[in-house]
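Notes follow the structure.
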2 protein chains.
Amino acid sequence: MAVTIKDVAKMAGVSISTVSRVINNSKPVSSDIRDQVLRVIKETGYVPNPVARSLVTKKSNIIGVIVPDISSLFVGDLLSGIEEIGRMYEYDIFLCNTYGESERELKYINLLKSKAVAGIIFVSEKLEKPQIDLVKESQIPSVYISKNAKDFDVYSIGIDHKQASYDMTHYFINKGKKKIAFLRASVEDNIEDSERYKGYKKALEDSGIDLDKSLVLQGDSTNESGYRIVEMLIEKGNIPEAIFASSDELAVGALNALLDNRINVPKDVSIAGYDDTRIASMIRPSLTVIKQPIYDMGAVAARIIVKLIDNQDVEEKYIILPHTLIERQSS
Amino acid sequence: MAVTIKDVAKMAGVSISTVSRVINNSKPVSSDIRDQVLRVIKETGYVPNPVARSLVTKKSNIIGVIVPDISSLFVGDLLSGIEEIGRMYEYDIFLCNTYGESERELKYINLLKSKAVAGIIFVSEKLEKPQIDLVKESQIPSVYISKNAKDFDVYSIGIDHKQASYDMTHYFINKGKKKIAFLRASVEDNIEDSERYKGYKKALEDSGIDLDKSLVLQGDSTNESGYRIVEMLIEKGNIPEAIFASSDELAVGALNALLDNRINVPKDVSIAGYDDTRIASMIRPSLTVIKQPIYDMGAVAARIIVKLIDNQDVEEKYIILPHTLIERQSS
DNA sequence: CTGAAAGCGCTAACAC
DNA sequence: GTGTTAGCGCTTTCAG
């Protein structure tokens, strides 16, 4: 059996309250007694039982992190950032994988609630009201990372997707491209509502280029989907001058479809991705991308959660981190 | 305040022990009373407090997972497998990221111990005795995933690395290659001890090919490292006919170094990777690889842990899953 | 500044 | 079959 606060108290010849006070620094303790207690703690290797502690305080030092897919590069980087900062403040990570299913998201929120987690970081492809309401109801501090987080009154981290998308489209236009395809991972919602689409559209408008609906394409987030879509374009002979995909994987799929059909990238067609996950710089030709500061987004999310837990002020609700356009070989 | 067992007991007109009995099925309860209790539970939406429960049983339904790097594709897939099976048995995942540092590994083992996790799945580049001893001492059921797990008396999951490595080397030899480089991510240990190296060496021996030490190369696990090493080989004019890298990322780095120096793959040089992470099929030329069933390894690890927790028999300590050689464009 | 005691929500003897 | 009760290890009033 591990040593408990009782043992320490007995060995130090004080009451357990005193021991509790020194380990929590919750109330003044005369320095000689404090030293005595500290010595016993060191000798015995005593570690407070977090479960018992959590039972009485109704708090834990656990941050619940809900993600749609652990095995994605994006989420991996995000988790690194969260973990790193979380650990700095002595918080641990409780991981929930939802596969993007709303039902599972709800289930996990309830679970985290019952675990009395100190905070929740919620990562989702697309936020929905029921989930947000459930979290709000729980009163647990929360931060969101999602494309549409700014549609809700919640703390969130993101980049300016519309601007980023505008930048990339504009970059292509500047390079003399007119026929620019927009490849997007659909999430059952209206494409018109998508920030990225808005940025793309606006850039075309500002340059007086007509939007060609046959070049606005929806897939899912996999590279296979990007492959199929571009292959279809090729079959139809509707080959664009540039392809702007809304994720790196989608871009890789598009790239492979072109290469496999002996279409040169970037000579015949330019390609750009979105996110700058590790793969973007690993493939050849390497991908021109909009870089999202993914690790930083995780780190900032963790920082915010910690602040919220400590009741500190958080300047803004919707934090926008800077994005960058990274030019590589694919354009 | 959430509803507690007390509230349920009062509303159902029974004692809290009875309520406890029905939620745990721990002792017989007459069916009418059981129904009554169940109804109140449903009405109130009562959920037992896992913290309180854990305090008295000294157990939780949490599996602690210690990994070297969450953001790696390998670990991501592994986690998917663990999570999926874990969830099936109602276990949750507590995530610990060590960056491969022994000190942090030890710290986390202690943490998991104090959290009273039900089991530990330990993923590491290279297992060391102190860590294993600490886990054993804790009496917590544990499963290991690591190249050198079989050097210890622990439950572990893996593939037959020596055979896999033999297979790949043999494959190259069969294709008429004689000058086969072996690229390896070193982990400060003696390369001679590495199973993969042994397989490589044996395949050469069996075919009467002399081992050329200038083609046995060590890097770290990044693609940059693979890039540098192969670049160096090119500078020296010591270009092999085939390169067998001990990870996909390493192989990608090697591949890029060749492509960037206008050396054709697979015409001039063949390349093979190891693991079959998602990137292997995403790049062009796609990578010939030894496929480790990563997801399955995670799933099996979770299954074993659950069995150990339930004191069920586990047939073997060291479980070897089948590997496959997948031939793609790079060879 | 320190100790005694109540209680967090639950399980598990122990009685009846 | 069911209820009473003693903790699990800790924090936190409340006295002193």
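Chain letters run A, B, ... following the sequence lines, proteins first, then strands; residues in each count from 1.
- For the pair Gln131(B)/Ser102(B), a side-chain contact is recorded, criterion being any heavy-atom separation below 4.5 Å from C-beta on.
- Heavy-atom contacts from other residues, nucleotides or ligands closer than 6.0 Å to NZ of Lys10(A) number 12 or fewer.
- Between dG9(D) and Lys58(B), a contact under 4.0 Å exists linking OP1 or OP2 to a side-chain N or O.
- Checking side-chain atoms of Asn24(A) against main-chain N and O of Arg21(A) turns up no donor-acceptor pair under 3.5 Å.
- The aromatic ring centroids of Phe94(B) and Phe94(A) lie 6.0 Å or more from each other.
- Contact annotation for Val14(A): backbone-only contact, meaning every heavy-atom pair under 4.0 Å involves sugar-phosphate atoms and none involves a base.
- The interatomic distance linking Asn61(A) (CG) with dC10(D) (C1') rounds to 14 Å, in whole Å.
- In this structure, Asp77(A) contributes its side chain and Phe74(A) its backbone to no donor-acceptor pair below 3.5 Å.
- Residue Lys59(A) contributes atom NZ, which lies 24 Å from atom P of dG9(D) at whole-angstrom precision.
- Side-chain atoms of Asp275(B) and Thr277(B) form no donor-acceptor pair, as typed in the model, at a separation below 3.5 Å.
- Both Gly13(B) and Leu55(B) lie close to DNA chain D; mapped to their nearest nucleotides by heavy-atom distance, the more 5′-ward contact belongs to Gly13(B).
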Report summary line: With sugar-phosphate taken as primed atoms, P, OP1 and OP2 and all else as base, the protein-contact string of nucleotides 10-16 of chain C at under 4.0 Å (heavy atoms; B, S, -) is BBBBB--
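- Here dC1(C) presents its C1' atom at 8 Å from CD1 of Ile33(A), a figure rounded to the nearest Å.
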